[in-house]
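Following: one structure in structure tokens, then a few remarks.
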Amino acid sequence: MGLNSKIIFHLMGLLLLFNGLFMLLAAVVSGIYDDGATLDITLASITTMFVGIFSMFYTRGHDKEVKRREGYIIVTFGWIVMSLSGMLPYLFSGAIPDITNAFFETISGYTTTGASVVDDIEALPEGILFWRSLTHWIGGMGIIVLAIAILPLLGIGGMQLFAAEAPGPSADKLHPRITDTAKRLWLIYFGYTIAETILLKLAGMSFFDAINHALATLSTGGFSTKNASLAYWNNEPLIQYIVIFFMFLAGSNFVLSYFAFKGKVQRVLKDEEFKYYTALVLIFSVVSAVVIYLKANVPVSDYHPMVLGPAESAFRHGLFQIISVITTTGFVTADFTTWTPFLTVLFFGLMFAGGSAGSTAGGIKIMRHLLIIKNGLLEFKRTLHPAAIIPVRYNNKSISQVIVYNIIAFFVLYMLLFIIGALVLGALGVDFETAIGGAASSLGNVGPAFGSLNPVSNFNGLPALGKWWCGFLMLVGRLELFTVLILLTPYFWKKT
């Protein structure tokens, strides 16, 4: 059987319609602030919705069954189509007139990477800044999951789409119906965003800055409205602690948030991944804080007079950057690449950690690391007792060998892609430190990197081909490798 191309184009149209509606929201913000970009964003919105409606109209009467192959195509090309249409506000307004830069900024937004090519963020119109943050928020939980919530209205089942969108090892479901699962996840996501916005506003941020940073935090994106990112508020510790708290939540499994709201707190506390995630954050934060306090010389102007002085500042900077990197959010309070070689290596290693499965974080994910380590340790037992069947256990349940093999394959493929990613950047003339930092950051959807891509710089200095390559790595990393790479295999396209 061949591909059901009509359903693919129909859903591409649906995604474009969504994207155009979100652009209208940015146009409203632009109008409120009278920033001069209202007509441009509105035109981008109308263009996007027109193409979307045309695609949906032209493919009406399609076969409504979405098989696995169509699911992978819809998810991958959905992200690409969203990125291509999402760059229109930048191009039409002239905020980012170059197509390469506009596409990079957009796919960095949707993949929640947070790497930017904008040299002066604060010079951008408010409507464009809001659109930039919205691309994070849309991509954070997955525009595909949002589409699943309304697909039953069109008579389309969404199970195959959810499998492609969330291909990780976690198969937790909140509700037997996949649609209800998507709705509950979005409700939690939306609720956290509102809560953080209110708290940041009460802590002293302007409403505009508060909502933009909330959109970027819950998506673990990292786009800020300030050139200095969260370092702009280094003298406002409460603001940074609020962001720390919500980065931690965004990097944890959203299913656990649902259980917590249902009063099943013990289920959260007993979750193995959550325990290791929390322990990892705490241990590395303390280590970082001690090194910063003893070696990094945090300036006196960098702490609030009402708190504990340099000790508190060292703890806050360490905690903030550890959580920011582990959750792949990418906000910064300082240039952590200057905090001693030890911490530079530590942060580089944490770029491969990732948050929890079922979170909006990128990276390999804590659960995968945990199962790989457990399986590795069990190999010693299997060597001594070759006839014994010793399964890997997670949350007191046996994990099938198929899942373990899948995770090992993912890890090997991830590291191979990182090496290839760095080699390509090196071949384009990028220096070693920048190449490995750019590859690790793009693939892990982290944002800031090393070398010329350090936290106080951006990706604008990369050659044009380097930006497109990093964009590809961001997409592959965001969709957890297999979803995109399977499309590059010849047998995927063979008729069955």
Side-chain angles (χ1 to χ4, degrees), residues 112 137 139-142 145-146 148-149 162-163 165-196 199 214 217-221 241-285 319 322-329 350 353-371 373-374 392-399 403 407 445 478 480:
T112 73
W137 197 75
M141 185 60 73
V145 178
L146 175 65
I148 286 170
F162 193 86
E165 161 62 11
S170 177
D172 280 326
K173 299 222 173 31
L174 314 181
H175 195 274
R177 292 184 54 144
I178 199 70
T179 305
D180 293 322
T181 296
K183 286 176 181 175
R184 281 164 172 78
L185 291 174
W186 266 97
L187 190 61
I188 293 167
Y189 189 57
F190 183 77
Y192 279 159
T193 307
I194 296 296
E196 187 184 359
L199 289 173
T217 304
L218 269 304
S219 62
T220 66
Y241 282 121
I242 290 168
V243 173
I244 285 169
F245 175 72
F246 282 97
M247 281 196 294
F248 181 82
L249 284 179
S252 62
N253 192 332
F254 274 74
V255 174
L256 296 181
S257 288
Y258 176 78
F259 289 138
F261 288 129
K262 293 286 284 184
K264 300 176 181 178
V265 180
Q266 282 301 314
R267 186 159 180 178
V268 178
L269 298 177
K270 288 180 181 178
D271 184 79
E272 207 169 339
E273 184 182 36
F274 183 75
K275 286 192 286 189
Y276 278 97
Y277 168 60
T278 306
L280 201 66
V281 166
L282 290 175
I283 291 167
F284 285 128
S285 295
L319 178 64
I322 289 293
I323 290 184
S324 182
V325 174
I326 285 180
T327 62
T328 73
T329 306
L350 289 177
S356 306
S359 72
T360 57
I364 293 173
K365 304 290 192 304
I366 304 296
M367 181 189 283
R368 287 195 180 97
H369 286 292
L370 191 57
L371 292 176
I373 292 168
K374 282 190 171 190
V392 177
R393 301 186 72 81
Y394 175 78
N395 279 340
N396 296 319
K397 294 178 183 175
S398 295
I399 301 296
I403 292 176
I407 290 170
N445 306 129
R478 173 63 182 88
E480 307 220 340

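If you're wondering where the values come from, they're calculated on a predicted model, not measured in any experiment.
Under the rule for a side chain to side chain donor-acceptor pair (under 3.5 Å), Tyr276 has no partner lying at least two apart in sequence or in another chain. For Phe245, the side chain to side chain contact (heavy atoms under 4.5 Å, CB included) criterion is met by Leu249, not counting sequence neighbours. Qualifying salt bridge (Lys or Arg N to Asp or Glu O under 4.0 Å) partners for Lys374, counting only residues two or more places apart in sequence or in other chains: Glu272. Listed by chain and number, the residues in a side chain to side chain contact (heavy atoms under 4.5 Å, CB included) with Ile373 are Leu377 (sequence neighbours excluded). Under the side chain to side chain donor-acceptor pair (under 3.5 Å) criterion, Tyr394 pairs with no residue at all, not counting sequence neighbours. Scored by the side chain to side chain donor-acceptor pair (under 3.5 Å) test, Ser285 finds no partners at all (sequence neighbours excluded). With sequence neighbours left out, the side chain to side chain contact (heavy atoms under 4.5 Å, CB included) criterion links Thr327 to Thr220, Met247, Tyr277, Ile323, Thr329. Partners of Leu282 by side chain to side chain contact (heavy atoms under 4.5 Å, CB included), not counting sequence neighbours, listed by chain and number: Thr278. In this structure Glu273 satisfies the side chain to side chain donor-acceptor pair (under 3.5 Å) test with no other residue, sequence neighbours excluded.
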Practice problem: Decide side chain to side chain contact (heavy atoms under 4.5 Å, CB included) for Asn253 and Ser359; before the verdict, give the C-alpha distance in whole Å, the side-chain angles of both, and the deciding distance to 0.1 Å. | Solution: CA-CA 5 Å; Asn253 192 332; Ser359 72; 5.8 Å; no

Practice problem: Carefully, step by step, assess Gln266 and Leu269 under the rule side chain to side chain contact (heavy atoms under 4.5 Å, CB included). | Solution: CA-CA 5 Å; Gln266 282 301 314; Leu269 298 177; 4.2 Å; yes

Exercise. List the steps and the verdict of side chain to side chain contact (heavy atoms under 4.5 Å, CB included) for Phe274 and Ser252.
Key: CA-CA 7 Å; Phe274 183 75; Ser252 62; 4.2 Å; yes

Exercise. Begin with the C-alpha distance, continue with both residues' side-chain angles, and end with the deciding distance and a verdict on side chain to side chain contact (heavy atoms under 4.5 Å, CB included) for Tyr192 and Ser257.
Key: CA-CA 10 Å; Tyr192 279 159; Ser257 288; 2.7 Å; yes

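Across every non-hydrogen atom of Ala250 and Thr217, the tightest pair is CB-O, 3.6 Å. The two residues Leu218 and Tyr189 make their nearest non-hydrogen contact at O-CE1, 3.3 Å. Across all non-hydrogen atoms, the minimal contact from Leu256 to Val268 is O-CG2, 3.4 Å. Contact record, Glu480 with Lys365: OE2-NZ, 2.8 Å, taken as the closest heavy-atom pair. The two residues Thr360 and Thr112 make their nearest non-hydrogen contact at O-OG1, 4.0 Å.
Inspection of the Asp271 and Asn395 side chains reveals an N or O donor paired with an N or O acceptor under 3.5 Å.
Side-chain atoms of Arg478 come within 3.5 Å of backbone atoms of Gly139 as a donor-acceptor pair (strictly under, hydrogens ignored). For the pair Arg368 (side chain) and Ala357 (backbone), a donor-acceptor distance under 3.5 Å is absent. Listed for the Ser398 side chain is no donor-acceptor partner under 3.5 Å among the backbone atoms of Arg393. Here the side chain of Thr328 pairs a donor or acceptor atom with the backbone of Gly362 at under 3.5 angstrom.
If you take CD1 on Ile326 and CG on Leu350, they are separated by 5.0 Å, rounding to the nearest 0.5 Å. We find the OH-CZ distance between Tyr258 and Arg184 to be 4.5 Å, quoted to the nearest 0.5 Å. Distance check: Ile322 CD1 to Ile244 CD1 gives 11.0 Å after rounding to the nearest 0.5 Å. Between Leu280 atom CG and Leu370 atom CG the span is 10.5 Å, to the nearest 0.5 Å.
Side-chain contact between Phe254 and Trp186 is absent, with no heavy atoms from C-beta onward closer than 4.5 Å.
Residue-environment remark: OH (Tyr241) exceeds the threshold of 12 foreign heavy atoms within 6.0 Å.
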